[in-house]
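First the structure, in the form of structure tokens, and then the observations on it.
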Amino acid sequence: MTNVRVRFAPSPTGPLHIGGVRTALYNFLFARRHGGTMILRIEDTDQSRFVPGAEQYIVESLQWLGIGIDEGVGPGGPHAPYRQSERQGIYRQYAEQLIRSGHAYYAFDTEEELEAMRTRLRQSGAAQQQYGPAVRMTMRNSLTLPPEEVQRLLNSGAHYVIRFKIPEGQQITLHDLIRGQVTVNSEQLDDKVLMKSDGMPTYHLANVVDDHLMEITHVIRGEEWLPSAPLHVLLYRALGWEVSMPRFAHLPLLLKPDGNGKLSKRDGDRMGFPVFPLTWTDPFTGEQSPGFREAGYLPAALINFLALLGWNPGTEQELFTINELIEAFSLERISKSGARFDINKAQWFNQQYLRKLPDEQLAGWLSQQLEREGHACSMEKKLRIVALLKERITFPHDLYGQAKIFFVPPAQPNADWVRKKWTPAIQRALEEFAGNLAKQNNLTAEVLRQLLEQAAGEQQLKAGQLMQPLRVALTGETTGPDLMEMAVILGRDACIQRIKYTLQYTQSVLF
RNA sequence: GGCCCGUUCGUCUAGGGGUUAGGACAUCAGAUUUUCAUUCUGGUAACAGGGGUUCGAUUCCCCUACGGGCUACCA
């Protein structure tokens with residue numbers, strides 16, 4: 001395959017949905033795999049749905065994820081502009097060409113007339129209520145009106161659209177790279193609007209014209225476009241571009257984690273996970289939608305997760321660098337059925353990627369968190385903390401949650417546990433332990449262990465029986481990272497102080 | 001309603017006319033660990049249903065069911 005050119009063509013109608021991200025990713029992987037070009041085109045032909053900031057959001061999201069754009073909005077390129085709203089003249093030219101060649105016509109019907117037509121058809125029991133071969137000759141268009149009247153209407157500035165004249169009784173077969181042959185009869189299609197009355201093209205026209213002009217070789221897009229793909233084939237034909245028509249690949253959809261339907265923002269809200277790459281603030285309502293980035297997901301982990309949602313390499317490998325993904329990717333191995341979105345797996349990937357990061361980077365995150373909370377800490381100590389905690393976290397912000405014990409002494413020990421398990425022997429052993437600790441100048445995990453064994457032994461306790469009490473004394477909690485390592489990082493004086501504080505508490509409460 | 005697409009463990013999936021139907025996440029149990037987590041070991045768990053074709057079907061064909069998408073001057 002030479003000169004592969006693919007495009008990701010979102011509409012700036014809001015934040016980029018995670019399903020859109022996956023579409024972009026598959027396009028990107030395919031382009032890179034074949035040494036091709038990845039193009040970003042903005043399909044902003046619906047002015048009523050335009051949302052300020054959405055385009056910028058899309059660009060930033062792709063950037064964060066490392067989905068590189070070779071050509072298009074941003075980097076520019078030989079087929080600029082790449083924003084469809086800036087290409088109106090081009091579409092008009094081709095729409096008029098289609099009228100001249102008899103493949104399209106002007107239609108002047110008002111909204112009311114269209115509605116009346118549909119009602120009429122519905123009541124007469126027609127299978128479908130479409131503007132097509134069966135009804136077009138009963139409507140007000142350049143097929144039914146005398147040419148002078150058409151010209152008069154056009155000159156008078158009357159509202160009109162340009163419709164495609166769907167051919168009758170044709171079998172249209174397209175070869176989808178994922179689904180194989182898909183055949184549709186043109187009876188099922190209607191006379192789609194190509195140019196709207198506001199002068200903008202519809203998706204169908206703009207898409208076909210741009211893909212041709214931009215020399216797109218493979219159209220990789222969501223399954224929602226499969227039903228209109230035959231129409232697009234017809235358009236390529238009518239425009240005389242069938243020989244260079246791109247190949248199609250329609251991707252399966254992302255489904256709700258539970259229940260029926262496709263994944264929506266509601267599901268994320270309901271189950272507590274993001275469905276957008278970055279946090280998004282709606283410019284009209286001010287409503288905030290959480291993003292994967294802000295939730296603590298690493299871009300590489302999200303990419304890995306998404307890549308495997310609907311595609312697999314045919315091996316048992318699960319962890320992929322982006323280069324490995326590029327190397328292994330192929331359209332043939334994309335599955336045909338929709339994939340339920342399971343955030344559990346995304347978290348697992350994040351955990352895997354997080355622990356592979358160098359300690360310095362984790363320490364950097366910890367620094368920010370500590371600074372925000374107003375705690376000072378040496379880099380050396382931060383690195384030790386990070387090394388102790390890195391296998392215990394799923395998100396970067398978990399770091400502070402677990403490191404907090406080093407900076408904030410417990411307000412009081414876990415009361416339930418103390419009431420149930422605390423004994424006078426423990427009390428005496430910990431007193432002894434704290435006393436001996438005070439004499440130590442060079443604290444190591446090994447020294448601590450010895451001191452603990454010694455203190456325990458004198459009260460007829462096993463070292464293990466004193467471990468939990470010591471943890472409670474130091475952190476207030478019954479679980480946490482390795483006790484000895486933790487105590488070493490905490491330091492001798494802090495340990496002694498916390499033990500004494502706890503012993504006072506238990507004394508007053510229990511004895 | 002019409003048309004199109006789909007259906008393997010709870011989830012993502014591998015497989016493919018004869019397999020103990022494989023892996024991963026989740027879950028459960030055991031081991032390790034002072035605890036939790038990690039790690040390791042093991043377990044539970046799937047071919048939507050019915051007809052064909054065939055010596056044999058989860059795999060091929062048809063039907064049904066179910067799911068999804070489309071059916072706009074939205075993309």
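Remember, it's a predicted structure, so these values are computed and weren't measured experimentally. Sequence lines set the chain letters: A, B, ... in the order given, protein chains first and strands last, and positions in each chain run from 1.
Distance NZ (A:Lys390) to P (B:rU39): 14 Å, rounded to an integer number of Å. We find that CZ of A:Arg179 is positioned 10 Å from C1' of B:rC4, with the value rounded to whole Å. To the nearest angstrom, P of B:rU33 lies 10 Å from CZ of A:Arg449. Across the protein-nucleic acid pair, A:Phe320 atom CZ and B:rC12 atom C1' stand 13 Å apart, rounded to whole Å. Rounding to whole angstrom units, CH2 of residue A:Trp417 and P of B:rC36 are separated by 13 Å.
Closest contact between the side chain of A:Asp342 and the listed nucleotides B:rC25, B:rG2, B:rG69 involves B:rC25. With B:rC73, B:rC12, B:rU38 as the candidates, the nucleotide lying closest to the side chain of A:Glu391 is B:rU38. The side chain of A:Val193 approaches B:rC73 more closely than any other nucleotide in the set B:rC36, B:rU11, B:rC73.
The residue among A:Ser11 and A:Gln468 whose nearest nucleotide of RNA chain B is located toward the 5' end is A:Gln468.
Formation of a donor-acceptor pair under 3.5 Å by the A:Ser228 side chain with backbone atoms of A:Leu231 is not found in this model.
Contact between the side-chain N/O atoms of A:Arg49 and the OP1/OP2 oxygens of B:rA75 is not found at any separation under 4.0 Å. Contact annotation: A:Lys196 side-chain N/O to B:rC74 OP1/OP2 distance is under 4.0 Å. Look at A:Asn312 and you'll find a side-chain N or O under 4.0 angstrom from OP1 or OP2 of B:rA14. Under 4.0 angstrom from either OP1 or OP2 of B:rC5 there lies no side-chain N or O belonging to A:Ser337.
Annotation for A:Arg140: atom CZ counts as buried by contact number, over 12 foreign heavy atoms lying within 6.0 Å.
Between A:Tyr203 and A:His232, the ring planes lie tilted relative to each other; the angle falls in the 30° to 60° range.
The base of B:rA26 does not come close enough to the side chain of A:Lys345 for any donor and acceptor atom to sit less than 3.5 Å apart.
With hydrogens and angles left out, the side-chain atoms of A:Asp210 and A:Tyr91 include a donor and acceptor closer than 3.5 Å.
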TODO: Could you check A:Arg221 against A:His250 for side-chain hydrogen bond (donor to acceptor under 3.5 Å, both in side chains), going step by step and ending with a plain yes or no?
DONE: CA-CA 5 Å; A:Arg221 73 218 313 188; A:His250 290 95; 3.0 Å; yes

